Amino acid sequence: MSTIEKRIGGKVTEIRLEKKLTQAELAERIGISVESVSRLERGVSFPSLKTVDKISKTLDVSLKEFFDFDEHETRDKSYERELSKFVAFLRTLDEKEISLVHKMTRAAWKILRE
């Protein structure tokens, strides 16, 4: 699949995780199979606009959110998926917790690079 499918799939994953929904919960709410949600999030398949609309309403975001990409190019699907999961996790934290995670990550990275 092309980059657009991967990017939209990554956005769906990021927003779904931010809303603390499982793939099964999203699938049930929009009336498609869990396998279809998984394929969409991995960028293997592309949903109809009707399905994208159902996803946006279920996740309570505008359709624009799925097409609002960062300026950097997609490296690969596993990179984008992991980045989306990390960003979704960070969005569940308050400012102090994010600062602590940042400090811990920098310290761990410094040790690993030595």
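Everything quoted here is computed from the prediction, not taken from an experiment.
- The heavy-atom pair separating Gln23 from Glu41 by the smallest distance is NE2-OE1, 2.8 Å.
- With rounding to the nearest 0.5 Å, the separation of CZ in Arg16 from OG in Ser84 is 10.0 Å.
- What you find for Phe66 and Lys11 is that their closest heavy atoms are O-CG, 3.9 Å.
- Put simply, Leu83 and Val101 are part of two different groups of oily side chains (I, L, V, M, F, W, Y) that touch within less than 4.5 Å, one to the next.
- Considering all non-hydrogen atoms of both residues, Thr58 and Ile30 come closest at OG1-CG2, 3.2 Å.
- Checked against Leu26 for a side-chain contact (heavy atoms from CB on, under 4.5 Å), the options Thr13, Val34, Ile15, Val37 give a single hit: Val37.
- Across Lys19 and Val61, no two heavy atoms sit closer than the pair CE-CG1, 4.4 Å.
- Both Leu40 and Ile32 belong to a single network of hydrophobic side chains, linked directly or stepwise wherever heavy atoms of I, L, V, M, F, W or Y lie under 4.5 Å apart.
- Here Trp109 is tied into one hydrophobic group with Leu112, each link being a pair of ILVMFWY side chains closer than 4.5 Å.
- Two residues are said to be in side-chain contact when any heavy atoms from C-beta on lie closer than 4.5 Å; Leu21 and Arg29 meet this criterion.
- Residues Ser45 and Ser36 come closest through the heavy atom pair OG-O, 4.5 Å.
- Counting only heavy atoms from C-beta outward, the side chains of Lys110 and Glu114 approach each other to under 4.5 Å.
- Distance check: Asp60 CG to Ile55 CD1 gives 14.0 Å after rounding to the nearest 0.5 Å.
- Chaining together hydrophobic side chains whose heavy atoms lie under 4.5 Å apart places Leu100 alongside Met104.
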Would you tabulate the side-chain donor-acceptor contacts of residues 86-94 under 3.5 Å, counting partners in other chains and residues two or more places apart, or write 'none'?
unit_1 : atom_1 : unit_2 : atom_2 : d
Arg91  : NH1    : Glu18  : OE1    : 3.4
Arg91  : NH2    : Glu14  : OE2    : 3.2
Thr92  : OG1    : Phe89  : O      : 2.5
Asp94  : OD1    : Lys96  : N      : 3.1
Asp94  : OD1    : Glu97  : N      : 2.8

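- Each of Leu17 and Val12 belongs to its own hydrophobic cluster when Ile, Leu, Val, Met, Phe, Trp and Tyr are linked at side-chain heavy-atom distances under 4.5 angstrom.
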